[in-house]
Amino acid sequence: MKTLYKKELNYYLNNPIGYIVVILFAIFANFLFVKDLFLVGSASMKSFFSLLPWLFLVFVPALAMRILSEEKRVNTIETLLTLPVSETQIVLAKFFTLLTLLIVALLLTTALPISLSILTRMYLSEIAVGYLGAVFLGSSFIALAMFFSVQTKNQVVAFLLAALTTFFLLVLSTDFTASVLPKTLQDFFSYFSPSYHLQNFIKGLIDFRSTLYFLSLTALFLFLTIVDLEKRK
Amino acid sequence: MISSRGVTKKFKDKIAVDNVSFQFKEGEIIGFVGPNGAGKTTTMRLFLGYLWPTTGQISIDGLNPISNRIEVLKKIGYLPENNPLYQEMRVKEYLQFIAEAKEDQNFSKIISQVGLEEVLNSKIEELSRGFKQRVGLAAAIIGDPQILILDEPTSGLDPIEQDKIKKLIKGLKKTIIFSTHILSEVEDVAGRIVIINQGKIVYDGKKPKGKGTVEKLFKRLIK
């Protein structure tokens, strides 16, 4: 798996697409933080973390759209699947590559809270838990985007399907859904929304149920991706 | 070494391979010929477990390519049709990747055997078709597999490059199954010929002796 991981990571390191997507994310994310700092006058990271799922909605599918669809389009998937490596190794290597890039992108946003913590009082442990939640959230979005990437040879279709599904998952816990649906249904649906579970991490709580939710979502879509790759038509 | 018993492969309603049975022995060089869409690539993919047969059984050295996929793939070196390569990689980087995946680090001999020394640091996308084919062939040979499956290894190459690849194949002391449209190539390289048409084996036997005899046989069987 190390070999496959190295190969995937090298693709992004030797290709401008990885840098562009990661840097664009970092610019937008830092802007969100600075905006609150100067406009609202708040040195809290809560609104930054709350908006993160919406940034991931574009960032993760943009990063992951090619991961399997491109292999299918140029048929290098045949090269991969005729090497003595398992489908699980292939999927996990690709997943951890994308997770590494997501962590790098998140690390690029840590400079501001760290420098601000020197000037003002900030709860660094709370922020660290927020970042942990962001990693969990990102990993579930990556798994979901990979699942759509294995479904098609077209990167754009993979991007749109992943972004659309993520959008619907996020919308489940918004005020809009609350105003449309009855309270019981709203409670039920919001439990399935990643934003709902991220709230616990934003508050600085490592909630077991929310951790389990993100890990389950990640495992489910990785499993479905592996099953799809194992299918021999 | 390789056996197929009553193998049929259907894609929805279309039968790509129809009740195919044969046995290939160790050290044989088999020329797999047939018109476009005859089922050559599908049959080769079935050997590798890349496709699953609809009915029938395939065995590679006594192993099932589906349930023992990894073990079977350790025994086979494969050059797919159209030679899909990671174009953005450098030749050395690509071969290193294949070698690590096959857990065989000793591939320097293969580089000189295939004649890739001068392009080792070039990007694959910058290579000529002939060199790309050599990269694909080197990747197939890495890991010292017992069996080589080469799907149209000389496709799209000029006659000089074709000769080089043919010489290379002949020099490899392995069980080799190669598909081609070039019948003279079969005459030069293969010891046994399998002709497939519309998914069915229409000829399986020794290569007929004499120049042009393979073409005559092919034209007689494929109308």
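Chain naming here is simple, since letters A, B, ... match the order of the sequence lines and numbering starts at 1 in each. Below, all heavy atoms of this structure are taken into account, side chains as well, without hydrogens, waters or symmetry copies.
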Side chain, backbone, both or neither of L48(B) within contact of chain A (heavy atoms, under 4.5 Å): side chain
Under 4.5 Å from a heavy atom of chain B, the part of N10(A) involved: side chain
Aromatic ring pairing F214(A)/H197(A), orientation class (parallel under 30°, perpendicular over 60°, tilted between): perpendicular
Donor-acceptor under 3.5 Å (S179(B) side chain, E152(B) main chain): yes
Contacting region of Q87(B) [heavy-atom separation from chain A under 4.5 Å]: neither
Aromatic ring proximity, centroids under 6.0 angstrom, Y131(A) and F49(A): yes
Engaged part of I66(B) at the chain A interface, taking heavy atoms whose separation is under 4.5 Å: neither
Contacting moiety of K2(A), where chain B heavy atoms sit under 4.5 Å: neither
Winner by heavy-atom pair count (cut-off under 4.5 Å) against chain B, out of I77(A), T79(A), N15(A), T3(A): T3(A)
Under 4.5 Å from a heavy atom of chain B, the part of Q89(A) involved: neither
Option that, when pairs with chain A are counted at under 4.5 Å, heavy atom only, ranks first among Y86(B), Y78(B), Y94(B): Y86(B)
Contacting region of E88(B) [heavy-atom separation from chain A under 4.5 Å]: side chain
